[in-house]
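Proteins come first, then strands; the chains are lettered A, B, ... in the order of their sequence lines, and each starts at number 1.
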Amino acid sequence: MKTIKQISLWVVAAAFMAVVPTRGNAQAVSRTYFNVDWQFNAPMGDSYADKASGWGMNFEGGYYVMPQLAIGAYIAYHTNNKYIDRQTLALSSSSALTTDQQHSLFQLPFGALAKYRFTTGGVFEPYMTVKMGANYSRMSSYMQAWELYHDTWGFAVSPEIGISIFPSPNYRYGLHLAMYYNYTTNKSKVLTYELDGRNNLGFRVGVSF
Amino acid sequence: MKKLIPILFVVAAITACQKEPSLSELDDDYVVFTDYDKSASFGDYLTYYMPDSVLLITDSEKATYWTNDEADYILETFAENMAARGFMPADSKEDADLGLQVSYVEDVRYFINYPNNNWWWGYPGYWGPGYWGPYWSYWYYPYPVVYSYSVNSFLTELVDLTDQTGTSKRLPVLWSSYMAGLQSSSPRVNQNLVIRAIDQAFVQSPYLTRQ
């Protein structure tokens, strides 16, 4: 947890430091961009913790190597939880466990991205992005005073479409809206529950600068 | 004002990192875990003996027990379930085929120096094999034990007292249960939770029967 917080802190701090020197000279920042977003995420394809939630954020930054093409890095995190009613689980051929549970699925993908914007210099800047990298995930089950969990690493890929809206094109602060799909290869098991991969669909709302 | 935007996001990032689920949504009933020796034939046993007290495992180095009113409802619930499964109480442990021992973990601080899995065996006053007769020198689980210790939990073990003719002095644990949960401020509620947990331990152990 502490590591995650530190990572988030450094990403935002780096973004902030990068944009501060550009105040008063909008042209100087035209090649760099940053997005900081709140996100709403819904896991798909499994029922372990498939309750959609808004407990996550996304941070990304990039550099336009061509007027419309940028490369950069991103990091995001999200948690989805779900209550499981009391039931008896056969843990093995001889053992059984009766309990209710709170399932939790935490995901933290990060890596590199390629972004293509369809227009430049206007109020509206629609784009598409492909992100690839690693994904850290914790699959947890909370029972009374215990947490059983399995931490795993996997490969992550995420296409995204969105739009940045700059009310004043010469001033690089604007609104950011995006929709994304995210797939990761993490495999994990807790009690009798197994997850082979993660599928997520969601949207992001934040700022671009 | 503009400078505040990244700062606000930093604050949001820190506070909205991994969101733990609300544990208040969990019900009050105990977590109940059971396991048994699959090679055991419970139909071969008729009688059992259960001590008239519950061992308290606390941070004290002196063995203490619940007796009378404190333990009666617990032991009675076990006795009712054993009777429902066809087992009869024996007058003495010497006459019994099975031994049923119940312990309550009130505090685990005492056990920080017991790194082995079956940490409760080292507790002063714990139902050692010698309690069940001079023949037994040590005991064993024929199956892996996966208990996690915690406060406010019950440990129950059903041991086989019949095999006193062989050379092995190992006292086998045929069935075990582990029940744990948070304590309520109401003694009445706690009592009901414990009774329900014991009943559940038998419900999820249909093999534990003479039929």
Item to check | Side chain, backbone, both or neither of A:Q107 within contact of chain B (heavy atoms, under 4.5 Å) | outcome: neither
Item to check | Within 6.0 angstrom of A:Y149 OH, more than 12 heavy atoms from elsewhere | outcome: no
Checklist entry - At a heavy-atom separation under 4.5 Å, does A:S53 approach chain B through its side chain, its backbone, both, or neither? => result neither
Item to check | Part of B:Q200 within contact of chain A (heavy atom distance under 4.5 Å) | outcome: side chain
Item to check | Gap between atom OH of B:Y36 and atom OG of A:S95 - 0.5 Å precision | outcome: 10.0 Å
Checklist entry - With respect to chain A, which residue among B:A197, B:P21, B:A201, B:S205 yields the maximal number of heavy-atom pairs within a distance under 4.5 Å? => result B:P21
Checklist entry - Taking the side chain from A:Q102 and the backbone from B:S22, do they hold a donor-acceptor pair closer than 3.5 Å? => result yes
Next on the checklist: Looking at A:R86 and B:V31, would you say the former's side chain and the latter's main chain have a donor-acceptor pair under 3.5 Å?
Outcome noted: no
Checklist entry - Counting N and O atoms only, with roles assigned by atom type, does the side chain of A:T79 sit under 3.5 Å from a partner on the main chain of B:K19, one being a donor and the other an acceptor? => result yes
Next on the checklist: How long is the straight-line distance from OG of A:S94 back to CG of B:D37, given to the nearest 0.5 Å?
Outcome noted: 8.5 Å
Item to check | Between CD1 on residue A:I84 and CD on residue B:E25, distance to nearest 0.5 Å | outcome: 11.5 Å
Checklist entry - Just wondering, are more than 12 heavy atoms of other shown residues or ligands nearer than 6.0 Å to CG in A:D100? => result yes
Checklist entry - Atom CZ of A:F106 and atom CD of B:E20: how far apart are they, to the nearest 0.5 Å? => result 11.0 Å
Checklist outcome for this item: Cut-off 4.5 Å, heavy atoms of chain B, and the answer for A:Y142 is both
Item to check | 4.5 Å side-chain heavy-atom contact, A:T99 and B:F33 | outcome: no
Next on the checklist: So which atom in A:T88 and which in B:Q204 form the shortest heavy-atom distance, rounded to 0.1 Å?
Outcome noted: CG2-CB, 4.1 Å
Item to check | B:Y30, part contacting chain A, at a heavy-atom distance under 4.5 Å | outcome: backbone
Item to check | Over 12 non-hydrogen atoms of neighbours within 6.0 angstrom of NZ in A:K82 | outcome: yes
Checklist entry - Looking at B:D27, B:L23, B:V203, which one has more heavy-atom pairs under 4.5 Å with chain A than the rest? => result B:D27
Checklist entry - When you look at CD1 of A:I71, are more than 12 heavy atoms from neighbouring residues, nucleotides or ligands closer to it than 6.0 Å? => result no
